[in-house]
Amino acid sequence: QVRLAESGGGLVQPGGSLRLSCAASGRIFNINTMGWYRQAPANERELVATITRDGNTNYVDSVKGRFTISRDNAKNTVYLQMNSLKPEDTAVYYCNADIATSPDFRYPGLWGQGTLVTVSS
């Protein structure tokens with residue numbers, strides 16, 4: 001069984017920083033694109049950032065210049081460094097990954113359980 005486990009959420013003041021981590025575990029052959037999504041109360045889940053296996057990144061406009069996505073392929077882990085946090089960044093943050101368990105089978109979009117980030121004074 002393959003799973004994703006997020007960590008690093010919490011309460012932070014506006015202007016502060018947090019670093020989220022998401023580790024994939026289980027039978028893993030390889031991992032292609034990994035990403036972070038978020039869902040605020042009463043809102044739909046939205047893309048925050050993605051990173052390919054080769055390190056190509058993509059960000060939603062609202063976090064460009066403040067958030068940085070990175071990954072450690074040896075550890076099957078993706079990170080999200082969040083700086084200059086704003087109250088509107090408050091949401092549950094979910095990790096997503098395209099994981100192959102063999103050359104013939106993959107999970108195209110596996111989700112973690114989410115970690116809550118609250119930005120408030």
Side-chain angles (χ1 to χ4, degrees):
Q1 183 178 0
V2 179
R3 63 185 295 266
L4 297 172
E6 301 103 331
S7 61
L11 173 65
V12 63
Q13 292 186 344
S17 298
L18 280 177
R19 188 192 194 208
L20 306 183
S21 300
C22 172
S25 61
R27 181 181 178 183
I28 297 171
F29 179 69
N30 65 38
I31 304 177
N32 288 334
T33 299
M34 303 184 81
W36 289 95
Y37 292 70
R38 66 186 179 186
Q39 187 167 15
N43 287 359
E44 294 185 353
R45 192 172 298 188
E46 67 168 353
L47 171 70
V48 176
T50 60
I51 184 168
T52 67
R53 184 171 180 80
D54 295 333
N56 295 311
T57 59
N58 179 58
Y59 297 91
V60 67
D61 286 346
S62 60
V63 308
K64 286 180 179 177
R66 300 189 298 123
F67 291 10
T68 302
I69 189 170
S70 61
R71 64 189 283 173
D72 184 332
N73 290 332
K75 295 182 179 180
N76 293 326
T77 300
V78 62
Y79 306 96
L80 186 67
Q81 178 66 45
M82 304 185 294
N83 299 328
S84 302
L85 282 160
K86 304 175 181 179
E88 51 263 42
D89 294 318
T90 295
V92 177
Y93 283 72
Y94 295 92
C95 176
N96 180 274
D98 178 357
I99 299 177
T101 58
S102 73
D104 302 315
F105 184 82
R106 67 186 320 112
Y107 294 96
L110 190 65
W111 293 96
Q113 81 286 353
T115 185
L116 177 63
V117 172
T118 303
V119 185
S120 175
S121 55

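Hydrogens, waters and symmetry mates play no part in the numbers below; they use all other heavy atoms, side chains included. This one's a predicted model, so the numbers in the text were calculated from it and none came from an experiment.
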Report whether [X] and [Y] are members of the same hydrophobic cluster (ILVMFWY, side-chain heavy atoms less than 4.5 Å apart, transitive linking).
X   : Y    : result
L80 : V60  : yes
I51 : Y59  : yes
L18 : L116 : no
Y79 : I69  : no
V78 : L110 : yes

Going from [atom1] on [X] to [atom2] on [Y], what distance comes out if it is rounded to the nearest 0.5 angstrom?
X   : Y   : atom1 : atom2 : result
D54 : N32 : CG    : CG    : 9.0 Å
N96 : L4  : CG    : CG    : 7.5 Å
S21 : R71 : OG    : CZ    : 14.0 Å
S25 : R3  : OG    : CZ    : 5.0 Å
N76 : N30 : CG    : CG    : 9.5 Å
S62 : K86 : OG    : NZ    : 8.0 Å

**OP:** Indicate yes or no: does K64 engage D61 in a salt bridge with an N to O separation below 4.0 Å.
**Re:**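 Result for this pair is yes, salt bridge flagged.
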**OP:** Keeping to residues at least two apart or across chains, list the ring-ring contact (aromatic ring centres under 6.0 Å, His included) pairs with something in residues 85-121.
**Re:**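 As it turns out, the ring-ring contact (aromatic ring centres under 6.0 Å, His included) pairs with a partner in residues 85-121, which skip direct neighbours, are Y37-W111, F105-Y107.
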Provide the closest heavy-atom pair for [X] versus [Y] in the form atom of the first, atom of the second, distance.
X    : Y    : answer
S120 : P14  : C-CD, 3.6 Å
Q113 : A5   : OE1-CA, 3.8 Å
G9   : V117 : CA-CG2, 4.2 Å
A91  : R38  : CB-CB, 3.8 Å
T101 : V2   : CG2-CG2, 3.4 Å
I31  : A24  : CD1-CB, 3.8 Å

Subject >> Side-chain heavy atoms of M82 within contact of V63, under 4.5 Å >> reply: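 Counting from C-beta outward, M82 and V63 never come under 4.5 Å.
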**OP:** Kindly indicate whether the side chain of S17, heavy atoms from C-beta on, has any atom under 4.5 Å from the side chain of V12.
**Re:**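 S17 vs V12: side chains apart.
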**OP:** Taking atom CD of E44 as the centre, report whether more than 12 heavy atoms of other residues, nucleotides or ligands fall under 6.0 Å from it.
**Re:**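 Count not over threshold, so no.
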Original post:
Within the distance-only criterion (no hydrogens, no angle test), does the side chain of T90 pair as donor or acceptor with the backbone N or O of V119 below 3.5 angstrom?
Top reply: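 Pair found, side chain donor or acceptor close to backbone of V119.
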Subject >> Backbone N/O of G114 and side chain of E6: donor-acceptor pair under 3.5 Å >> reply: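 Looks like yes, one N/O pair under 3.5 Å.
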**OP:** Give a yes/no verdict on a cation-pi contact between R106 and F29, requiring under 6.0 Å between NZ or CZ and the six-membered ring centre and an angle within 45° of the axis.
**Re:**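 The answer is no, since R106 fails at least one limit relative to F29.
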